[in-house]
> 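Structure incoming, see below.
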Amino acid sequence: MLNKEQAGTQQMMLGNAAIARGAYEAGVKVSAAYPGTPSTEISENIVKYKDVIYSEWSPNEKVATEVAIGASISGVRALVSMKHVGVNVASDPLYTISYSGVNGGLVLVAADDPGIYSSQNEQDSRMVARAAMVPVLEPSDSEEARTFTRLAFELSEAYDTPMMVRTTTRLAHSQGMVNLEERQEIPDRPYEKNIGKTVMMPGNAIKRHLVVEQRLKNMAEDANSMAVNRVEYQDRKIGVITSGIPYQYVKEALPQASVLKLGLVHPLPRKLIEEFAANVETLYIVEELEPVIEEQVKSWGINAIGKEIFTVQGEYSANLLRERILGEKPEYRKAAQVPARPPILCPGCPHRSVFSVLKKLKLHAAGDIGCYTLGAVAPLAVVDTTVCMGASISNLHGMEKAKGREFIKDWVAVIGDSTFLHTGINSLMNMVYNQGTGTVMILDNSTTGMTGHQDHAATGKTLMGDTVRAIDIFHLCRALGIEHVYEIDAFDTEGLEKLLKEETAREAISVIITKSPCALLKTTIPKGKCSIDPEKCRKCGLCLAPGCPAMRKDSEGRAVIDEVMCNGCGLCMQRCKFDAISFTPNPKLAQG
């Protein structure tokens with residue numbers, strides 16, 4: 001664990017780990033989050049400081065934000081972290097706590113995903129922050145991730161406002177040298193009852209809105225002299241306003257240009273920007289995604305070049321800047337000739353077994369956010385929709401209400417255990433309340449798989465490592481009044497096929513919970529290995545149809561299993577009609 005004894009040293013850190021370090025040094029006492037790439041490692045590093053910081057995985061980002069708000073109101077510094085789409089879920093409390101303000105410092109880390117490496121959209125959290133009237137700091141490297149996080153808490157308390165620290169995938173998952181400092185022992189602020197400030201009913205909110213507007217004006221004025229906004233004058237023929245990771249690209253591509261590096265990107269320091277613009281010949285604004293800075297600067301009558309030459313999509317690069325600003329044609333190195341690696345479910349994944357049955361029955365699936373979204377791609381291709389967390393059940397319900405029972409007779413909703421507890425339970429409750437019908441499949445693999453195996457309320461483990469009573473999803477569904485709730489092994493394809501035929505024909509709500517742990521969990525011991533007798537293989541391809549990456553065809557068209565990759569799930573063996581596939585149990589299991 002990193003602690004005060006290491007103060008004064010340096011360490012190479014991911015941006016996310018540096019944020020965690022900054023929170024530790026800032027005297028944070030409470031941290032809440034829901035895992036989501038690229039923000040997940042923040043909490044996974046914060047828990048290393050569990051002797052002084054309470055941290056938790058909350059069921060969703062809204063709850064996480066409300067936990068942090070409660071901690072702030074009580075008088076301690078609190079952090080909440082999430083990916084950009086999580087900010088949508090958290091926006092309800094965020095917009096209101098902006099009016100209320102804080103007691104202890106309150107910081108929300110929003111990790112955006114330019115390039116859509118692991119998300120369903122490419123939104124810009126700065127726009128949410130502007131709408132919510134929440135100030136935003138944007139670091140450019142790991143050291144700034146640490147120092148800006150510390151600063152965010154100071155600004156939060158100084159201006160009585162929640163603060164956002166906005167990062168991106170590139171910063172979150174890049175490493176840089178970080179200076180370690182001692183933890184500040186911040187005294188708890190006393191709680192004082194103040195209904196006008198903390199109870200946002202209309203009469204109070206109207207008054208607080210005026211406070212928020214003035215707060216932003218004051219902060220914008222002060223931003224002109226804040227150290228996080230700095231001017232680097234060099235050759236004044238080219239001037240660049242930038243922030244965050246794009247600052248690194250600017251320094252690499254245009255080392256002689258004058259630069260205004262913004263650390264506080266909302267509210268903007270107008271006087272500083274006007275002065276800088278007046279001192280350069282041609283002004284460029286370099287920011288990834290939306291023209292948040294650009295639109296404000298141009299609205300002040302300042303001539304600048306921005307999205308006329310830059311894209312609102314994806315990540316930028318030094319080569320892009322050389323090409324668009326200098327007119328150079330950089331020589332791009334040819335990409336290494338490596339085999340294509342399409343996204344695919346892992347060997348032994350229980351979702352593959354479920355989807356193979358759905359495909360056999362020619363059922364459509366309203367999908368959700370998780371590993372199982374990969375059921376949309378070939379060769380399984382059974383997931384027809386994916387919108388956001390918890391949407392699968394609501395989508396199925398909407399289809400039935402729009403087109404009737406006949407339309408959804410060959411549809412199911414699929415959702416993971418963590419996602420079900422995130423927002424799926426609300427959708428299922430709505431389905432019950434509004435007299436819907438349909439079959440919901442909860443693919444319970446005992447973890448939050450896609451973000452790296454984080455625990456949740458149904459695993460029986462907390463982020464702090466405590467063993468707790470696990471939420472029983474079966475009984476939770478029964479408690480909603482659903483009569484037809486079933487649990488079945490995901491690899492029992494025969495039983496699952498029979499159950500699906502019965503339940504999709506039933507004019508009622510039914511829930512099928514397929515229970516099999518993720519094959520990559522540390523606690524999962526492979527059952528054994530499967531192997532193929534080439535003399536018995538008839539080259540029919542049935543075993544290859546589910547697309548297990550541990551299987552391929554040899555030069556003669558026979559199926560072959562890579563025993564190193566095989567996790568012994570037995571799905572291929574179940575599909576073989578000619579007993580060509582055998583199973584060898586894992587001797588570790590036999591030893592007990």
Side-chain angles (χ1 to χ4, degrees), residues 343-386 390-393 395-396 408-421 424 428 438-450 458 473-474 477 484-506 510-521 524 527 530 542-551 567-575:
I344 193 168
L345 296 168
C346 302
C349 176
H351 302 332
R352 176 178 289 104
S353 177
V354 173
F355 288 146
S356 69
V357 176
L358 293 178
K359 184 169 185 177
K360 180 180 179 181
L361 297 177
K362 298 181 179 179
L363 294 173
H364 301 272
D368 227 293
I369 304 297
C371 299
Y372 44 87
T373 308
L374 295 173
V377 300
L380 296 164
V382 296
V383 171
D384 286 24
T385 70
T386 299
S392 58
I393 301 172
N395 289 165
L396 182 68
I408 65 159
K409 67 179 183 181
D410 56 356
W411 281 78
V412 296
V414 295
I415 188 168
D417 46 332
S418 181
T419 310
F420 176 71
L421 295 174
L428 187 58
T439 301
V440 174
M441 302 188 73
I442 301 174
L443 312 186
D444 185 354
N445 65 352
S446 303
T447 190
T448 310
M450 180 163 275
I473 294 177
F474 176 91
C477 294
H484 306 284
V485 184
Y486 310 90
E487 289 182 336
I488 188 170
D489 188 320
F491 292 103
D492 180 2
T493 56
E494 186 176 322
L496 182 58
E497 181 178 341
K498 179 176 181 293
L499 190 56
L500 277 166
K501 286 178 179 177
E502 293 172 353
E503 297 311 311
T504 53
R506 189 188 300 280
S510 58
V511 176
I512 300 173
I513 305 167
T514 59
K515 293 182 69 69
S516 290
C518 171
L520 300 186
L521 280 174
T524 301
K527 300 173 185 176
C530 294
L542 283 174
C543 61
L544 296 162
C548 176
M551 302 189 71
N567 279 309
C569 71
L571 179 60
C572 57
M573 189 167 61
Q574 292 184 56
R575 296 178 65 85

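Here, residue 1 is the first one in the sequence, and each next residue gets the next number. Heavy atoms only: backbone and side chains are in, while hydrogens, waters and symmetry mates are out.
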> For D417 and T447, indicate whether the former's side chain and the latter's backbone hold a donor-acceptor pair under 3.5 Å.
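Side chain of D417 to backbone of T447, a donor-acceptor pair under 3.5 Å: yes, one is there.
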> Test side-chain contact (heavy atoms from CB on, under 4.5 Å) on V485 and I513 and set out the steps.
CA-CA 8 Å; V485 184; I513 305 167; 4.1 Å; yes
> Do the side chain of T419 and the main chain of I369 share a donor and acceptor less than 3.5 angstrom apart?
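Yes: the side chain of T419 pairs with the backbone of I369.
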> Do V383 and H351 pass the side-chain contact (heavy atoms from CB on, under 4.5 Å) test, and can you show the C-alpha distance, the side-chain angles, and the key distance before you say yes or no?
CA-CA 12 Å; V383 171; H351 302 332; over 6 Å; no
> Hey, is the main chain of C569 close enough, under 3.5 Å, to the side chain of N567 for a donor-acceptor pair?
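Checking the backbone N and O of C569 against the side chain of N567, no donor-acceptor pair under 3.5 Å is found.
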> Drop me the distance from E487's CD to I512's CD1, to the nearest 0.5 angstrom.
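Atom-to-atom, E487:CD and I512:CD1 are 12.0 Å apart.
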> State plainly whether the residues E502 and K498 are in salt-bridge range, i.e. N to O under 4.0 Å.
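Yes, E502 and K498 are salt-bridged.
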> Looking only at non-hydrogen atoms, find the nearest pair between A519 and G348 and report the distance.
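The pair with the smallest heavy-atom distance is CB-O, 3.6 Å.
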> Quick one: does any side-chain atom of S356 pair with a main-chain N or O of S353 as donor and acceptor, under 3.5 Å?
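It does hold such a pair.
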> Kindly give the heavy-atom pair with the smallest separation between L542 and P546, and that separation in Å.
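The answer is O-CD, 3.7 Å.
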> With side-chain contact (heavy atoms from CB on, under 4.5 Å) as the criterion, how do F420 and D368 come out once you've worked through the C-alpha distance, each side chain's angles and the decisive distance to 0.1 Å?
CA-CA 9 Å; F420 176 71; D368 227 293; over 6 Å; no
> Let me check something: any side-chain donor-acceptor pairs from residues 409-416 under 3.5 Å, sequence neighbours excluded? List them with distances.
residue: K409; atom: NZ; partner: E406; partner atom: OE2; Å: 2.6

> Output all residues satisfying side-chain hydrogen bond (donor to acceptor under 3.5 Å, both in side chains) with D384, sequence neighbours left out; order by chain, then residue number.
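For D384 the side-chain hydrogen bond (donor to acceptor under 3.5 Å, both in side chains) partners, ignoring immediate neighbours, are H364.
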> Please check if the side chain of K359 supplies one atom and the backbone of P379 the other of a donor-acceptor pair under 3.5 Å.
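Between the backbone of P379 and the side chain of K359 there is a qualifying donor-acceptor contact (under 3.5 Å).
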> For K527, does the NZ atom have more than 12 heavy-atom neighbours from other residues, nucleotides or ligands under 6.0 Å away?
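It does: K527 NZ has more than 12 such atoms within range.
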> Relative to each other, are the rings of Y486 and H484 parallel, tilted or perpendicular (30° and 60° limits)?
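Ring orientation of Y486 relative to H484: parallel.
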> For T493 and Q574, test the side chains for any donor-to-acceptor distance below 3.5 angstrom and give the result as yes or no.
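A donor-acceptor contact under 3.5 Å links the two side chains.
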> Taking the side chain as every heavy atom from C-beta outward, state whether C548 and L571 have any pair of such atoms under 4.5 Å apart.
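No. Closest side-chain heavy atoms not under 4.5 Å.
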> Can you name the nearest heavy-atom pair linking T439 to E503, along with the distance?
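Heavy atoms of T439 and E503 come nearest at OG1-O, 3.2 Å.
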> Return the CD1 to CG distance between I473 and D444, rounded to the nearest 0.5 Å.
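Rounded to the nearest 0.5 Å, the CD1-CG separation comes to 4.5 Å.
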> Quick one, R352 with I344, criterion side-chain contact (heavy atoms from CB on, under 4.5 Å). Give me CA distance, side-chain angles, the key distance, then yes/no.
CA-CA 10 Å; R352 176 178 289 104; I344 193 168; 3.9 Å; yes
> Closest approach of V511 and C477, non-hydrogen atoms and distance?
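Looking at all heavy atoms of both residues, the closest pair is CG1-SG, 4.0 Å.
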> First locate atom CG of L521, then atom OG of S446, and finally report the distance between them rounded to the nearest 0.5 Å.
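Nearest 0.5 Å value for the CG-OG distance: 7.0 Å.
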> Looking only at non-hydrogen atoms, find the nearest pair between A545 and R575 and report the distance.
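Closest heavy-atom pair between A545 and R575: CB-NH2, 3.6 Å.
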> Determine the minimum heavy-atom distance between M551 and C572, stating which atoms define it.
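Of all heavy-atom pairs spanning M551 and C572, the closest is SD-CB, 3.6 Å.
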> Give a yes or no answer on whether the side chain of S516 reaches the backbone of A490 with a donor-acceptor pair at less than 3.5 Å.
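Checked: pair present.
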> Just verifying a value: how many Å separate L374 CG and L345 CG, rounded to the nearest 0.5 Å?
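Taking CG in L374 and CG in L345, the distance rounds to 5.0 Å.
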> Quick one: pull up CD in E497 and CG in L358 and give me the separation to the nearest 0.5 Å.
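Going from the CD atom of E497 to the CG atom of L358 covers 10.5 Å.
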> About how many Å separate CE of M441 and CD1 of I393, when rounded to the nearest 0.5 Å?
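One finds 12.0 Å between CD1 of I393 and CE of M441.
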